*Asks:* 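My questions will all concern the structure given below.
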Amino acid sequence: MGAGKASEALYERARTLFPGGVNSPVRAFKAVGGVPVFLARGQGQHVWDADGKRYLDFLGSWGPLILGHADPDVMAALIEAAADGTTFGASTEREVLLGEEIRRAIPGLERMRFVSSGTEATMSALRVARGFTGRSKIVKIDGGYHGHADMLLAAAGSGAATLGIPGSAGVTAAAVADTLVVPYNDEAAMAAALGKHPGDVAAVIIEPIAGNMGLVPPRAGYLAAVRKLCDGHGALLIFDEVITGFRVGRGGAQALYGVKPDLTCLGKIVGGGMPLGVYGGRLEIMGAVAPDGPVYQAGTLSGNPLAMAAGLATLRKLDDAAYGRLEGLGRRLEDGLRAAVAAAGGGATVQRVGSAFTLFFTDDPVTDFVTAKRADSARYARFFHIMLDRGVYLPPAQLEAGFLSLAHGEGDVDAFLAAAGEALGS
């Protein structure tokens with residue numbers, strides 16, 4: 001069960017080089033146990049590990065690969081761009097072309113700035129919010145992940161609306177002293193946090209669809225209520241759409257739910273599989289960013305031509321027909337998985353928006369981080385390894401989302417469902 005000999009050998013070598021043998025913690029398989037699989041290549045809807053075993057990939061590099069692995073148009077764009085030079089530290093036409101493509105899809109991004117990661121995007125957006133408003137405090141969601149900047153690695157204290165406490169060793173109490181943490185889908189807690197600190201909150205940052213506690217959609221009217229509360233208290237609303245941007249629709253979750261934020265953060269899909277983050281929003285807010293304004297942010301590799309080329313090639317293929325196809329595949333997977341759960345006697349809940357989904361091992365609906373943590377992670381770990389043995393690659397943690405791509409077909413979804421039925425039945 002689990003990794004083959006080549007992966008095991010690579011893991012032993014990696015452990016002498018990297019903390020936990022990995023360069024991002026969840027890759028270590030600590031949440032599911034066993035030796036992590038080392039992947040060697042990907043094509044379309046499949047990946048192959050270092051031992052040559054093929055898997056149907058329902059992780060897609062944690063979301064960026066909405067076209068599948070090694071899409072021919074993306075690869076051609078990368079090859080063309082690389083032949084011109086991999087980095088210049090100067091402006092290029094590709095930056096302009098990708099920026100225009102993004103703004104056509106998300107008009108609220110009146111001005112934007114390219115960075116190299118989602119973490120950079122969120123930390124920069126919050127700095128801009130503080131600089132623009134002249135306020136210090138921010139509000140984030142309990143269980144919401146916005147990258148590893150110190151001020152965002154805050155855990156909730158006791159109570160419904162609390163001052164954050166450090167959520168990681170190395171994060172000081174001072175770093176999160178101005179971070180308020182409230183539950184997701186809880187309008188009253190948001191109102192309490194803003195009301196307790198009148199005139200002090202610069203921004204609320206939120207994943208409009210939570211994707212880092214497993215996939216948790218917003219309750220009806222919740223995002224509109226948060227928008228109204230921000231307006232009433234003079235706080236900016238920041239949507240972290242690093243996962244949902246171009247995933248749940250061309251205009252992201254803000255178009256899906258009809259709620260416009262002041263600032264938006266993008267990543268993953270927008271880079272076409274290359275490292276890229278974006279933050280942007282209203283013209284007057286982004287006017288605070290250097291060199292136009294006093295809020296400093298810079299990056300040597302920002303606007304990297306390879307990331308620009310891959311992102312542009314990806315976004316140009318994401319039309320209404322593409323999202324219609326993804327919704328159809330998502331519906332097929334959701335309906336089939338619900339049927340498989342029922343046939344196995346229950347004990348799990350399927351949550352999906354578009355082509356993103358999570359199978360929570362709990363009978364109860366998951367609406368926030370507290371209810372997400374009630375899911376049986378040990379059962380998920382067993383399910384994960386059974387699926388892996390059957391050639392299906394899923395997130396190696398219960399509280400993460402899986403993803404479909406345009407490379408998947410109905411037959412791939414049916415193969416997933418057949419394996420899931422066997423796994424749940426066992």
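Remember, it's a predicted structure, so these values are computed and weren't measured experimentally.
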*Asks:* Can you name the residues that form a salt bridge (charged side-chain N to carboxylate O under 4.0 Å, His left out) with Arg219, not counting sequence neighbours?
*Replies:*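 Per chain and number, Arg219 pairs via salt bridge (charged side-chain N to carboxylate O under 4.0 Å, His left out) with no residue.
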*Asks:* Looking only at heavy atoms, what is the nearest atom pair of Asn185 and Pro217, with distance?
*Replies:*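 Closest approach of Asn185 to Pro217, heavy atoms only: ND2-O, 3.2 Å.
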*Asks:* Kindly compute the distance separating CG (Asp49) from CZ (Arg41), expressed to the nearest 0.5 Å.
*Replies:*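 With rounding to 0.5 Å, CG (Asp49) is 11.0 Å from CZ (Arg41).
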*Asks:* If only side-chain N and O atoms count, and only distance matters, is there a donor-acceptor pair under 3.5 Å linking Arg127 with Gln297?
*Replies:*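 Note: Gln297 and Arg127 side chains miss the donor-acceptor criterion.
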*Asks:* Looking only at heavy atoms, which two atoms of Thr179 and Ala175 are closest? And how far apart?
*Replies:*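 For Thr179 versus Ala175, the nearest heavy atoms are OG1-O, 4.4 Å.
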*Asks:* Measure from the side-chain N and O atoms of Asp51 to the backbone N and O of Ser7, and report whether any donor-acceptor pair falls under 3.5 Å.
*Replies:*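 Yes, Asp51 side chain to Ser7 backbone: donor-acceptor pair under 3.5 Å.
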*Asks:* Less than 6.0 Å separating the ring centroids of Tyr257 and Tyr222?
*Replies:*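 Here the rings of Tyr222 and Tyr257 have centres that are no less than 6.0 Å from each other.
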*Asks:* Do the charged groups of Arg316 and Asp73 touch, with an N to O distance under 4.0 Å?
*Replies:*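 Here Arg316 does not pair with Asp73 in a salt bridge, since their nearest N and O are not under 4.0 Å apart.
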*Asks:* Looking at every non-hydrogen atom in both residues, tell me the closest pair between Val392 and Ala419 and how far apart they are.
*Replies:*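 In terms of heavy atoms, the two residues are closest at CG2-CB, 4.1 Å.
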*Asks:* Does a salt bridge link Glu101 with Arg250, judged by any charged N lying under 4.0 Å from a carboxylate O?
*Replies:*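 Answer for the salt bridge query: yes.
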*Asks:* Using the side-chain contact (heavy atoms from CB on, under 4.5 Å) rule, pick out the option among Val182, Val216, Asp368 that qualifies with Ile141.
*Replies:*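 That would be Val182; it is the only one of Val182, Val216, Asp368 passing the side-chain contact (heavy atoms from CB on, under 4.5 Å) with Ile141.
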*Asks:* So if I apply the side-chain contact (heavy atoms from CB on, under 4.5 Å) rule between Phe114 and each of Asn304, Leu98, Leu266, Leu301, which one comes out positive?
*Replies:*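 Answer after filtering Asn304, Leu98, Leu266, Leu301: Leu98.
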*Asks:* Search all heavy atoms of Leu78 against all heavy atoms of Leu306 and return the closest pair with its distance.
*Replies:*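 Heavy-atom minimum between the residues: CD2-O, 3.4 Å.
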*Asks:* Could you list the donor-acceptor pairs under 3.5 angstrom formed by side chains in residues 393-403, with sequence neighbours left out?
*Replies:*
{"residue": "Gln398", "atom": "OE1", "partner": "Phe361", "partner atom": "N", "Å": "3.0"}
{"residue": "Gln398", "atom": "NE2", "partner": "Leu359", "partner atom": "O", "Å": "2.9"}

*Asks:* Would you say His148 has more than 12 foreign heavy atoms packed within less than 6.0 Å of its NE2?
*Replies:*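 Incorrect, the count does not exceed 12.
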*Asks:* Is any side-chain heavy atom of Arg332 closer than 4.5 Å to one of His408?
*Replies:*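 Sidechains of Arg332 and His408: no contact.
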*Asks:* Within a strict 4.5 Å, meaning less than it, do heavy atoms of the Pro365 and Thr349 side chains meet?
*Replies:*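 No. Closest side-chain heavy atoms not under 4.5 Å.
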*Asks:* Does Arg103 have more than 12 heavy atoms from other residues, nucleotides or ligands lying within 6.0 Å of its CZ?
*Replies:*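 12 or below, so no.
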*Asks:* I want to check a possible cation-pi pair here: Arg15 against Tyr11, using under 6.0 Å from ring centre and within 45° of the ring axis as the test.
*Replies:*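 Pair Arg15/Tyr11 counts as cation-pi.
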